[in-house]
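This one's a predicted model, so the numbers in the text were calculated from it and none came from an experiment.
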Amino acid sequence: MNLDGLTMSVLAKELNERLQTGQIQKLYQIDKTTLLFKIRALNEDQSLVITVGATPAMYLSKPLQDLPKEPSSLCMFLRKHIEGSRIVKVEQINGDRIMCIQTDKLEMDGSITSTFIYVELMGKYSNCIFVQDGVILESLIHVSPLMNRERSISPKLHYELPPNANRVSLMDFDYNEIKNLLTSFGDGTVQQSIRAIFNGFGKPLLDEVLLTSDLSGNEIISDLIPTQVDALAKALYELKIKLNESNGLLTLINDNNKKAHATFILQNYKVLKEYSTISEALEESIHNTKSIHTADKELEKILTAAIKKEEVRHQKIKDELDDTNKMDTYKLYGDILMINAHLQVQYEPSIQLPNLLSEDGELLTIPLKPNLTIVENGQWYYKLYTKLKNRMVSGEYQLNASTTKLEYLKSILYSISLATTRESLEEIRKECMDAGIIKKSKKPLSYKLGKSNYIHLTIDEGEIFIGRNNQQNEYLTHRFAKPTDIWFHTQDIQGSHLILRLNVEPDDMILSKVAQYAAYFSKARKTSKVPVDYTYIKNIKKPPGSPLGFVIFSTHQTMIVEPKKPDNYNE
């Protein structure tokens, strides 16, 4: 979501109201281009996200559950200078897409160190720069002279604003001053003059000003009559007033299906969606585009790559097994050649011989190695037969192992979608470490993972227990459940283990309802007909050496149901 500079003036006001006098308690680097500030302000915990990657933004976020356990070197350096600071103010610079957070920190000797955090949200040139006494302390992205000849950004260099110094902010002037600026500095067309004098004008707001002043924008500004200049100045001043009084953000759409974002309703547009704060809109946009690679997103990326790699290996094993179909043919060729061992066929590319091992006695064309005798060719075919025979035995074993591994990896990937708490995510990460999918962390957890993070629902007929991941599935099925409990799971589809504990005799209505819940807690949640297997826990067994959550059962029944969310379940 790209916001123009004028809309960002409302964002600056919103952030300043929420963060002013707040204390920066913790700083995290979520990925290479994203920082998270934990701030205590107005007796509340605030999470300020600054990202300068593919979708640059600065907004207040809901608490993020999955944060990096081990800080980067940049994060450690910034923590030393930033943590414990008080936010003096958050402001916009010159009406441009540049925000500045001024912080003061009380040092041990009683002195105060001021740090200015410049957040430049300018497309591919976006950056977050920390400045003390006019000198760059550090930045998320270093810019060398080879990357940008006009402006370098790296530690110990003097900080300079981007080259838009000749333009000013509309928010700093009253009606008469705006009129004087237009008459004194206007040059070219009306559109060109407005963009040359003022920062922050996107096309929707510029069109709104032109529509209000009854101008097309292509008029030469020096040719305007006084009443037209007055109308233009008045439209600009009214825009300033509306922005000053605005809160939140609107997603708008016009008759041509073109979308726009503004803090108030524009002419010729209708409201598509309304947000109470700009932060809320930005957070939704970042979430939808998945432009921030949080630790769980990084884990998801690693798992997806592991699944893709295993699928390639799986297909390769299948292709090799398909070659074993020629095994019997090679043995037949060897037998026929040995029966005709008296023939002289050296230097021949092939030979036609009757199939004496068949009732029809049809002619076979057998390819030969020209440099070998007929006996040596027969022995060569026997070797091929033996090789394929051995390959078939090991290949089937490898194919079964690969199938199990694929299902296991996919089950972990699915469980990430159910993880809504930090504990659940840590369970999944620990499982991945134990399975060798990711490296083990040297830093231990600061808390002990519980065993009761599974979903517990009550129904009139009893209780339902649902695992969020393989760790919980393993615990519920093999340790928690009683032999008389009923186990549910989608057939050949990744999903949660669901345990039904009844206080009445089971009937088809109860089983069907719980099967619908099992289908809901699976990867097939959005499909219409899902096969669900169910059986008593006493029939469930776990093969030795099998991965977490893997089970086999001796008897079961299957029900085709439509997924349904439990009435008393809140995600």
Side-chain angles (χ1 to χ4, degrees), residues 2-14 16 90-100 118 120-123 125 150-151 160-250 252 254 256 258-269 278:
N2 294 320
L3 301 180
D4 56 40
L6 288 171
T7 306
M8 282 191 181
S9 67
V10 181
L11 175 63
K13 180 178 67 174
E14 174 187 308
N16 189 59
V90 180
E91 63 179 347
Q92 185 184 30
I93 305 297
N94 294 338
D96 207 350
R97 292 172 294 169
I98 304 172
M99 311 287 272
C100 179
Y118 289 92
E120 301 176 358
L121 304 173
M122 311 177 77
Y125 300 107
E150 293 184 355
R151 185 168 173 254
E160 297 177 356
L161 289 169
N164 275 337
N166 293 331
R167 295 193 290 186
V168 294
S169 173
L170 176 69
M171 312 304 290
D172 295 337
F173 302 98
D174 60 23
Y175 165 74
N176 291 322
E177 291 170 333
I178 292 171
K179 184 177 177 181
N180 290 334
L181 285 170
L182 290 172
T183 54
S184 302
F185 299 99
D187 187 25
T189 66
V190 171
Q191 289 190 74
Q192 291 169 345
S193 298
I194 292 174
R195 290 187 183 277
I197 296 171
F198 301 106
N199 271 320
F201 267 95
K203 191 175 186 307
L205 289 183
L206 182 57
D207 290 344
E208 180 74 7
V209 168
L210 295 173
L211 194 61
T212 304
S213 57
D214 198 23
L215 295 170
S216 68
N218 296 320
E219 300 90 348
I220 302 301
I221 195 163
S222 58
D223 294 342
L224 297 180
I225 61 176
T227 55
Q228 288 177 313
V229 175
D230 288 342
L232 181 58
K234 184 179 179 183
L236 288 167
Y237 181 70
E238 287 177 354
L239 174 62
K240 170 195 169 179
I241 297 300
K242 287 181 180 178
L243 289 168
N244 275 331
E245 295 174 351
S246 295
N247 290 299
L249 192 71
L250 303 175
L252 308 168
N254 63 12
N256 296 324
K258 287 189 176 180
K259 289 184 180 180
H261 300 286
T263 57
F264 57 91
I265 299 177
L266 304 179
Q267 299 176 66
N268 299 331
Y269 281 84
I278 298 181

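- Taking every heavy atom of both residues into account, K13 and N244 meet most closely at NZ-O, 2.6 Å.
- Looking at T263 and I278, their side chains come closer than 4.5 Å, going by heavy atoms from C-beta outward.
- The number of heavy-atom neighbours closer than 6.0 Å to CD1 of I220, taken from other residues, nucleotides and ligands shown, is above 12.
- For the residue pair F198 and I178, the shortest heavy atom distance occurs at CZ-CG2, 4.2 Å.
- Here the side chains of L3 and L121 are not in contact, with every heavy-atom distance at 4.5 Å or above.
- When the shell of 6.0 Å around CG of D174 is examined, it contains more than 12 heavy atoms from other residues, nucleotides or ligands.
- When the side chain to side chain contact (heavy atoms under 4.5 Å, CB included) test is applied to E160, no partner is found at least two apart in sequence or on another chain.
- Within the 4.5 Å cutoff, the side chain of N16 has no heavy atoms near those of the E91 side chain.
- The side-chain heavy atoms of L239 and T212, taken from C-beta on, include no pair separated by under 4.5 Å.
- A distance-only check finds no donor-acceptor pair linking the side chain of K203 to the backbone of A260 [under 3.5 Å].
- To the nearest 0.5 angstrom, F201 atom CZ is 11.5 Å from Q191 atom CD.
- To the nearest 0.5 Å, the span separating CE on M99 from OG on S9 amounts to 8.5 Å.
- Other residues, nucleotides and ligands contribute at most 12 non-hydrogen atoms within 6.0 Å of the CG atom of D187.
- Atoms CG and CD1, from L182 and I197 in turn, are 5.0 Å apart once rounded to the nearest 0.5 Å.
- Looking at K234 and D230, no side-chain N of the basic residue comes within less than 4.0 Å of a carboxylate O on the acidic one, giving no salt bridge.
- Of the possible polar contacts, none joining the E177 side chain to the L181 backbone as a donor-acceptor pair under 3.5 Å is found.
- When side chains are defined from C-beta on, T7 does not count as touching H261, because their heavy atoms never get closer than 4.5 Å.
- The shortest heavy-atom contact between Q267 and E208 is N-OE1, 2.9 Å.
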- Task: Mind running side-chain contact (heavy atoms from CB on, under 4.5 Å) on L250 and L266 for me, showing each step along the way?
- Result: CA-CA 10 Å; L250 303 175; L266 304 179; over 6 Å; no
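- Considering all non-hydrogen atoms of both residues, N199 and N94 come closest at ND2-O, 2.9 Å.
- What you find for A235 and S213 is that their closest heavy atoms are CB-CB, 4.0 Å.
- Summarising the local packing, CZ of F264 is surrounded by more than 12 heavy atoms from other residues, nucleotides or ligands at distances under 6.0 Å.
- Two residues are said to be in side-chain contact when any heavy atoms from C-beta on lie closer than 4.5 Å; I241 and Y175 fail this criterion.
- Between the CZ atom of R151 and the CG atom of L161 there is a distance of 7.0 Å, given to the nearest 0.5 Å.
- At a threshold of 4.5 Å between non-hydrogen side-chain atoms, the residues E120 and I93 do not count as touching.
- Side-chain N or O atoms of Q92 include one that pairs as donor or acceptor with a backbone N or O of G5 at under 3.5 Å.
- Within the 3.5 Å criterion, the main-chain N or O of N256 finds a donor-acceptor partner in the side chain of N254.
- No more than 12 heavy atoms of other residues, nucleotides or ligands shown are found within 6.0 angstrom of CD on E150.
- Between V10 and S246 the shortest heavy-atom distance is CG1-O, 3.7 Å.
- Every residue two or more places apart in sequence or in another chain that forms a ring pair (Phe, Tyr, Trp, His ring centres under 6.0 Å) with Y118 is listed here: Y159.
- Proximity of a side-chain donor or acceptor of D4 to a complementary backbone N or O of L6 within less than 3.5 Å is detected.
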- Task: Applying side-chain contact (heavy atoms from CB on, under 4.5 Å), run through D96 and M122 and close with a yes or a no.
- Result: CA-CA 9 Å; D96 207 350; M122 311 177 77; 3.9 Å; yes
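- In this structure the side chain of F185 never reaches within 4.5 angstrom of the side chain of V168, judged on heavy atoms.
- Here N268 contributes atom CG and D207 contributes atom CG; the two are 9.5 Å apart, rounded to the nearest 0.5 Å.
- Around CG of N2, the count of heavy atoms belonging to other residues, nucleotides or ligands within 6.0 Å does not exceed 12.
- Within the model, atoms CG of N180 and CG of N176 stand 6.5 Å from one another, a figure rounded to the nearest 0.5 Å.
- In this structure, T189 contributes its side chain and E219 its backbone to no donor-acceptor pair below 3.5 Å.
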